[in-house]
Amino acid sequence: MPCTLSVFPAITAIPQFPENPRALILERCKTTKDINQIHAHLLKTRLVLNPAVAENLLESTAILLPNTMDYALSIFGEMDEPDSSAYNIIIRGLTYKQSPHEAVLMFKKMLESSVEPNEFTFPSILKACSRLRALREGEQVHAHFVKCGFGSNGYVENTLIHMYANCGRVEVARRVFDGMLTRDVVAWNSMFAGYTKSECWGEVLKLFCRMRESGVCFDEVTMISVLTACGRLADLELGEWISEHIESNGLQKNLPLMTSLVDMYAKCGEVDTARRLFDQMGQRDVVAWSAMISGYSQANRCREALNLFHEMQQKANVEPNEVTMVSVLDACAVLGAFDTGKWAHSYIKKKKMKLTVNLGTALIDFYAKCGSVDSSIEVFTSMDTKNVYTWTALIQSLASNGQGKKALDFFYMMRGKNIEPNDVTFIAALAACSHAGLVDEGRSLFFSMTKDFGIEPRIEHYGCMVDILGRMGLIEEAYQFIKNMPIQPNAVVWRTLLASCRVHKNVKIGEESFRHIARLEPAHSGDYILLSNIYALIGRREDALRVRSQMRQQRIKKAPGCSLIEIDGVVHEFLSEDDGHLDFKEIYSTIEDMMKQIKSAGYEPNPADARLDAEEDYQEASVSHHSEKLAIAFGLIRTPPGTTIRISKNLRVCTDCHNATKIISRVYNREIIVRDRNRFHHFKEGSCSCNDYW
DNA sequence: GTAGGGTTAG
């Protein structure tokens with residue numbers, strides 16, 4: 001019971017109790033204790049029997065004060081015959097505070113008690129249905145209020161739009177919207193919100209044009225929806241137009257509006273403009289910070305994302321939420337910043353943050369991209385709710401880390417749980433087949449994708465098939481497969497074939513693939529090197545050199561190799577032949593020692609992977625100074641013996657580094673995990689998880 | 001007394 005008379009002070013504590021206590025109850029009561037006092041007095045004076053007074057108590061406890069919903073329910077329970085106003089207050093309170101589900105039950109009770117719902121009942125109950133995504137109940141309420149004659153009440157219609165859109169029926173919402181006799185700005189905004197919910201960004205912009213023709217003035221809420229859509233569609237022109245509107249109308253104080261403006265600029269690729277605006281904001285909450293951090297993260301400026309995250313906590317003292325952590329983990333995943341990401345994970349646990357589907361999926365992906373499959377599985381297992389994104393992340397994690405068979409086990413497990421795979425899931429599953437060397441399985445998945453799931457293969461799916469076939473040496477079949485593709489093959493597909501031609505020493509199709517690549521786009525240095533390697537492997541040294549000199553003549557620049565290693569939470573970056581690092585002398589002498597050690601263990605330098613501008617005599621020196629070897633050497637001297645070394649690099653691992661790393665892992669007894677631009681290499685005891693195909 | 005708003009995952 002919220003109150004018993006005896007424990008509360010006598011009426012004397014409230015001198016001159018007003019005849020009509022409405023203002024006293026609704027405006028002056030700030031705490032449960034205040035309301036207790038008043039309630040005691042009302043009981044004693046029997047004023048509580050006056051329905052209007054009781055409703056003031058209800059409103060205060062159900063809506064105005066925090067954590068007093070149970071109090072409200074007990075007052076409600078004491079009422080002899082609650083009228084529709086009393087029900088309305090309770091339904092509204094339950095919808096917003098405690099539980100929309102209880103609000104629906106209360107609405108049922110209202111009908112059972114033959115209390116007529118009125119125009120104020122329906123917006124609340126529709127909102128409750130909307131929050132529950134209870135479409136059937138929502139439809140019943142819809143039918144009910146049409147029968148009661150509230151079908152063209154603006155408030156009711158606007159909430160109805162919201163309800164249908166939130167339940168995934170944006171087209172029904174639109175029909176309601178189109179059927180309205182008059183549409184105020186809230187009606188338009190409800191429709192914008194509906195399209196936003198369903199990610200129909202184009203519809204938002206189309207509707208915005210119509211709104212402007214209609215003569216209804218848009219407001220700040222409208223601009224938030226439109227800016228969000230501009231960001232997703234990269235419509236900078238409209239975004240800037242709104243930006244000017246905000247400025248000339250002095251609306252910079254609106255925090256949500258400014259946040260969506262920052263978000264729009266970042267998503268349109270104008271990250272620095274976004275940052276300038278962000279810095280100018282007078283007030284910044286966790287959402288604003290998260291928007292800016294994700295802006296950096298999505299623009300691949302991951303170090304800046306992490307720096308800003310630091311600033312948010314250290315200087316601004318703003319606590320991150322689940323959404324912030326998703327972007328932080330994303331940045332860690334891209335950088336391969338294992339320690340920072342692990343710290344983020346323990347922070348999430350320490351703060352008892354909710355492991356939402358997005359956050360869990362981001363964690364799985366983070367561990368996957370750091371080569372820590374077991375942790376991916378652990379997170380996956382600990383999640384309460386998983387969706388197709390979650391499963392896909394795990395399958396992808398296993399596949400890219402060389403556990404193709406296990407990845408497929410999870411794919412079939414997912415099917416067993418009746419979760420519908422989508423196009424990305426199939427990319428992951430096909431990649432798994434490729435890594436596990438399962439040609440027949442790959443073929444049948446590829447066909448089943450269209451036949452059983454109605455998913456049209458995209459260029460990525462074709463690429464996976466070429467990889468599956470090529471890896472197993474079915475070069476001719478892979479070539480025919482490309483020739484018969486119903487869509488135009490791109491350079492990536494041909495490059496996949498070229499890579500398999502090198503492994504299986506197929507000159508003819510290799511040359512053909514190279515021609516196709518060069519026809520489609522300026523060939524990369526890697527393409528020249530692959531072709532040159534094929535010639536070298538079958539002993540056509542002159543052709544090999546010709547291709548290399550051709551590449552030099554075409555002035556094809558090799559993207560500088562870059563490797564990252566994180567030591568004690570700091571990401572160190574190495575370029576090939578790098579002497580920019582503080583400890584470079586120590587690193588170079590370690591390399592010398594390292595090369596000696598592995599040579600005596602059987603390593604032979606492979607000059608075919610030398611830097612192309614290096615002189616013949618210096619080729620060996622050059623290979624030994626590849627960024628990857630610098631990073632490994634640094635890892636050897638900066639981590640305790642036996643620690644796993646994790647490297648991430650921007651290019652594919654070269655043959656020489658691959659050979660060398662295998663031997664380093666044996667000689668130094670270290671597990672070395674290298675993430676290259678395509679896949680993972682887990683080096684251990686002299687061999688690699690990729691089985692020397694990558 | 002009622003309605004609409006910003007950041008996130010494969």
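To find a chain, count down the sequence lines: A is the first, B the second, and so on, and within it residues start at 1.
- Base engagement by A:Ser85 is indicated by at least one non-hydrogen atom pair under 4.0 Å involving a base atom.
- Side-chain proximity of A:Arg92 to B:dG6, B:dG1, B:dT7: nearest is B:dG1.
- The side chain of A:Pro123 lies closest to B:dA3, out of B:dG5, B:dG10, B:dA3.
- In this model, no donor atom of one side chain and acceptor atom of the other lie less than 3.5 Å apart for A:Thr61 and A:Thr68.
- By the 5.5 Å and 30° criteria, A:Tyr389 is stacked with the base of B:dA9.
- At a threshold of 4.0 angstrom between heavy atoms, the contacts of A:Leu255 include nucleobase atoms, whether or not backbone atoms are also involved.
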Output a table of donor-acceptor pairs, distance under 3.5 Å, between side-chain atoms of residues 141-152 of chain A and any protein atom two or more places apart or on a different chain; print 'none' if there are none.
| unit_1 | atom_1 | unit_2 | atom_2 | d |
| --- | --- | --- | --- | --- |
| A:His142 | ND1 | A:Tyr164 | OH | 2.8 |

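- Residue A:Asn254 places no side-chain atom within donor-acceptor reach of the base of B:dG6, judged by atom type and a 3.5 Å distance cut-off alone.
- Contact between the side-chain N/O atoms of A:Lys267 and the OP1/OP2 oxygens of B:dT8 is found at a separation under 4.0 Å.
- Taking atom CD1 of A:Ile364 as the reference point, atom C1' of B:dA9 lies 10 Å away to the nearest angstrom.
- Taking atom CG of residue A:Asn118 and atom C1' of nucleotide B:dG1, one finds them 10 Å apart after rounding to whole Å.
- For A:Tyr96, the side-chain atoms get nearest to B:dA3 when compared with the rest of B:dT7, B:dA3, B:dG10.
- In this structure, A:Glu119 reaches the bases: a heavy-atom distance under 4.0 Å links it to at least one base atom across the strands shown.
- Backbone-only contact: A:Ser190 has heavy atoms under 4.0 Å from sugar-phosphate atoms and none from a base.
- Side-chain atoms of A:Asn387 and A:Thr390 form a donor-acceptor pair, as typed in the model, at a separation below 3.5 Å.
- Listed candidates were B:dG1, B:dG6, B:dG10. Nearest to the side chain of A:Thr361 is B:dG10.
- Here the C1' atom of nucleotide B:dG5 and the CG atom of A:Leu251 are 14 Å apart, to the nearest Å.
- Between the side chain of A:Asn387 and the base of B:dA9, a donor-acceptor pair under 3.5 Å is found.
- Side chains of A:Arg275 and A:Tyr296: a donor on one and an acceptor on the other come within 3.5 Å.
- A:Asn422 comes within 4.0 angstrom of a nucleotide base, judged by non-hydrogen atoms across all strands.
- The side chain of A:Asn158 has B:dA3 as its nearest neighbour among B:dG10, B:dG6, B:dA3.
- The closest donor-acceptor contact from the side chain of A:Ser376 to the backbone of A:Ala368 lies under 3.5 Å.
- Distances from the side chain of A:Ser294 to the nucleotides B:dT7, B:dT2, B:dA9 place B:dT7 closest.
- A:Ser190 and A:Asn158 are not linked by any side-chain donor-acceptor pair at a separation below 3.5 angstrom, with hydrogens and angles left out of the test.
- With hydrogens and angles ignored, no donor-acceptor pair under 3.5 angstrom links the side chain of A:Asp219 to the base of B:dG5.
- For the OP1/OP2 pair of B:dA9 and a distance below 4.0 Å, the side-chain nitrogens and oxygens of A:Gln298 include at least one atom meeting the criterion.
- Closest contact between the side chain of A:Asn358 and the listed nucleotides B:dA9, B:dT2, B:dG5 involves B:dA9.
- The side chain of A:Thr259 approaches B:dG6 more closely than any other nucleotide in the set B:dG5, B:dG6, B:dG10.
- Rounding to whole angstrom units, CG of residue A:Asp285 and C1' of B:dG6 are separated by 8 Å.
- We find that CD1 of A:Ile419 is positioned 15 Å from C1' of B:dA9, with the value rounded to whole Å.
- Atom P of nucleotide B:dT2 and atom CE of A:Met163 are separated by 21 Å, given to the nearest angstrom.
- Centre separation under 5.5 Å together with a plane angle under 30° does not hold for the ring of A:Phe120 and the six-membered base ring of B:dT2, so they are not marked as stacked.
- Electrostatic pairing of A:Lys369 and A:Asp365 counts as a salt bridge here, judged by a charged N lying under 4.0 Å from a carboxylate O.
- Closest to the A:Arg232 side chain, of the nucleotides B:dA3, B:dG6, B:dT8, is B:dT8.
- Atom CG in A:Asn321 sits roughly 13 Å away from atom P in B:dA9 (whole-Å rounding).
- When the side-chain nitrogen and oxygen atoms of A:Tyr367 are compared with OP1 and OP2 of B:dG10, none of them lie within a distance under 4.0 Å.
- Across all strands, A:Thr356 comes closer than 4.0 Å to no nucleic acid atom at all (heavy-atom distances).
- If you check every strand for non-hydrogen atoms under 4.0 Å, A:Ala288 touches a base.
- At a cut-off of 3.5 angstrom, counting only N and O atoms as typed in the model, there is no donor on one side facing an acceptor on the other between the side-chain of A:Ser260 and the base of B:dG6.
- If you measure from atom CE of A:Met383 to atom P of B:dA9, you get 14 Å, rounded to the nearest angstrom.
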